[in-house]
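Here the structure comes first, spelled out in structure tokens, and everything after it is commentary.
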Amino acid sequence: MFERPRGTRDFGPEEMAERRKLENILRRTFESYGYHEVMTPTFEHAELFVERSGPGILDEMYTFKDKGGRELSLRPELTAPVMRFYAQDMQRSPKPLKLYYFGPAFRYERPQKGRYREFWQMGLELIGADTPQATAEMISVAYDSMKNAGLKNFRLRIGDVKILKNFLDSIGKNDRDTMRAIDKRDTELPDEIMEFISMNNPEELENHGPEDEVEHYRNVLDLLSSAGVEYVMDLGIARGLDYYTGVVFEIEAPELGAEKQICGGGEYRLAELFGAQPVATSGFAIGFDRTLLALKKDGFKAELKGPDAYVIGSKETISEAFALARKMRNAGCIVEMELTGKGMGKALKKASSIGSKYAVLVGEDEVESGEYTIKDLSSGEQRKMPLEELLSLCPSDKEGY
RNA sequence: GCCGGGGUAGUGUAGCCUGGUAGCAUCAGGGACUGUGGAUCCCUUAGGUCGGGUUCAAAUCCCGGCCCCGGCCCCA
């Protein structure tokens, strides 16, 4: 027996239905803001991620040498690949450029609930716009994503690392340890820092700098407020986000425990790192698996759809039944056929257990008369109808493709 | 990587403390029922995570691996 590798998952039909449902909701939300999907390779040169995240990332990546001696890594996130794509091929695209992605990422970490070695991210990058409305809109995509998915209990926190760093500089505390302590809300933080990160009203920023950034930050918050986006101001967002340059935000689902962060992003500079002309950029990534976990706690479900019809033939009529099933499918129906040669009783039982709307009986009588017996499996009613009428029961459009 | 909890048929569980026949439910397959279903009854398949130790005897006690779970770290 083989087991799946540690930290990976298999998804059965029911779970895939849920994943597709959430995926579609998020896609629709992103697209409602004019974003278009892109896709990049699952592996990249290892250096790409080191450039973006620092050498520490090497410990959590799946890195290997290919037969040509190239150092490659399974991507641990998708922002760097998308920005690499931008730098390589899309610098001349009209701005603002709105790109979104959905796909798996890989990290070698100890798995637990909400943390897997293969996990999915859906996110976006907004390239070439840094006005308050650009950033506010970007954040509002993330907010709407959670709302549209039906997540009840989540919290959007918005901070600004430029303002935070400026403050820490002014008191001589702009260092990694302090940032880490702030992020963890370490109670041993000096009072002046606690006071700073406890501010929850933009008005209080009056005497803090830098002035243009404070104004930008306040404009972003104002725009969100006026549009009805609920958030809390939190200047204590300070995760190892070296490449973030201004407004940053996180969304968390408190009921998830240790792995409660389901979305994170902000304004950043990366293009230059990858050899492109400098451009203002912002974006975020949603932890798809975590979001789904949080949603399921709120009762998120997707039903597996049964077929429209279940065609049951007899030994003598198999070829007619087989052909009929195909005609119905071409007319737009989802049709299953009895494949195991069960008797009528078992076949009907099967049809209703998989949730088929109708059973279509194709026996010798039917073949002779050209009228098929169709039975409504929920009401139990049945009657005979010719092929044409039967086909008219199928949804005529094939928009599903 | 660190600290802690756990792993019994496909799934959910009982037994473990106080070693000695592994039980129940459900699902799946088949039958009662050879053209009419969700019911009932019967039958079948199928199990103590893996390796080592203690013992006459290990699901049960001890050690290690693997996997899952809670937390730390880091992050989505």
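Only heavy atoms go into these numbers, but all of them, side chains included; no hydrogens, no water, no symmetry mates. Every chain is numbered from 1, with letters handed out A, B, ... down the list of sequences.
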Indicate whether the side chain of [X] and that of [Y] have a donor and an acceptor atom separated by less than 3.5 Å.
{"X": "A:T281", "Y": "A:E125", "result": "no"}
{"X": "A:Q91", "Y": "A:S93", "result": "no"}
{"X": "A:E316", "Y": "A:S314", "result": "yes"}

Please determine whether a side-chain nitrogen or oxygen atom of A:Q112 lies at a distance below 4.0 Å from atom OP1 or OP2 of B:rG71. yes
What nucleotide, of [options], holds the atom closest to the side chain of [X]?
{"X": "A:K375", "options": "B:rC75, B:rG37, B:rG1", "value": "B:rG37"}
{"X": "A:R115", "options": "B:rC73, B:rC69, B:rC67", "value": "B:rC73"}
{"X": "A:A258", "options": "B:rG71, B:rC67, B:rG1", "value": "B:rG71"}
{"X": "A:R110", "options": "B:rG31, B:rG4, B:rG37", "value": "B:rG4"}
{"X": "A:E109", "options": "B:rA76, B:rU36, B:rA39", "value": "B:rA76"}
{"X": "A:R290", "options": "B:rG37, B:rG31, B:rA76", "value": "B:rA76"}
{"X": "A:M344", "options": "B:rG35, B:rA76, B:rC68", "value": "B:rG35"}
{"X": "A:E60", "options": "B:rG4, B:rG30, B:rC74", "value": "B:rC74"}
{"X": "A:D365", "options": "B:rG35, B:rC69, B:rC66", "value": "B:rG35"}
{"X": "A:L361", "options": "B:rC75, B:rU36, B:rG1", "value": "B:rU36"}

Please give the distance between the [atom1] atoms of [N] and [M] as a whole number of Å.
{"N": "B:rA9", "M": "B:rC56", "atom1": "P", "answer": "30 Å"}
{"N": "B:rG52", "M": "B:rU44", "atom1": "P", "answer": "33 Å"}
{"N": "B:rG47", "M": "B:rC42", "atom1": "P", "answer": "23 Å"}
{"N": "B:rG12", "M": "B:rU55", "atom1": "C1'", "answer": "33 Å"}
{"N": "B:rU11", "M": "B:rU18", "atom1": "P", "answer": "31 Å"}
{"N": "B:rC24", "M": "B:rC43", "atom1": "P", "answer": "11 Å"}
{"N": "B:rG51", "M": "B:rC66", "atom1": "P", "answer": "15 Å"}
{"N": "B:rU49", "M": "B:rU8", "atom1": "P", "answer": "6 Å"}

Mind calculating the distance between [atom1] ([X]) and [atom2] ([N]) to the nearest angstrom?
{"X": "A:K346", "N": "B:rA28", "atom1": "NZ", "atom2": "C1'", "answer": "11 Å"}
{"X": "A:Y268", "N": "B:rA76", "atom1": "OH", "atom2": "C1'", "answer": "15 Å"}
{"X": "A:L124", "N": "B:rA76", "atom1": "CG", "atom2": "P", "answer": "14 Å"}
{"X": "A:R117", "N": "B:rC67", "atom1": "CZ", "atom2": "P", "answer": "7 Å"}
{"X": "A:K113", "N": "B:rG6", "atom1": "NZ", "atom2": "C1'", "answer": "14 Å"}
{"X": "A:D59", "N": "B:rC2", "atom1": "CG", "atom2": "C1'", "answer": "15 Å"}
{"X": "A:D10", "N": "B:rC68", "atom1": "CG", "atom2": "P", "answer": "12 Å"}
{"X": "A:M122", "N": "B:rA76", "atom1": "CE", "atom2": "P", "answer": "17 Å"}

Within 90° of 0 counts as syn, otherwise anti: where does B:rG29 fall? anti
For A:F249 and A:F284, take the angle between the two ring planes, folded into 0 to 90°, and tell me which bin it lands in: parallel under 30, tilted 30 to 60, perpendicular over 60. perpendicular
Look at all strands and tell whether [X] reaches a base, only sugar-phosphate, or nothing, counting heavy atoms closer than 4.0 Å.
{"X": "A:G257", "answer": "sugar-phosphate"}
{"X": "A:G265", "answer": "nothing"}
{"X": "A:E366", "answer": "base"}
{"X": "A:G343", "answer": "nothing"}
{"X": "A:R107", "answer": "base"}

Is there a Watson-Crick or G-U wobble partner for [N] with both distances under 3.5 Å, and which nucleotide is it?
{"N": "B:rG7", "value": "B:rC66"}
{"N": "B:rC16", "value": "none"}
{"N": "B:rU36", "value": "none"}

Side-chain donor/acceptor contact of A:Q382 with base of B:rU36 under 3.5 Å: yes
Is any side-chain heavy atom of A:I286 closer than 4.5 Å to one of A:C263? yes
Toward the 5' end of RNA chain B, by each residue's nearest nucleotide, A:K260 or A:L348: A:L348
Closer to the 5' end of RNA chain B via nearest nucleotide, is it A:L377 or A:Y116? A:L377
Cation-pi check, A:K21 onto A:F300 ring (under 6.0 Å, within 45° of axis): yes
Correct closest heavy-atom pair for A:I163 and A:E213 would be CG1-CG, 3.7 Å
Between A:F119 and B:rA76, do the rings stack, that is, sit under 5.5 Å apart with planes less than 30° off each other? yes
From CA spacing to verdict: salt bridge (Lys or Arg N to Asp or Glu O under 4.0 Å), A:R155, A:E252: CA-CA 5 Å; A:R155 204 157 65 109; A:E252 56 190 35; 2.9 Å; yes
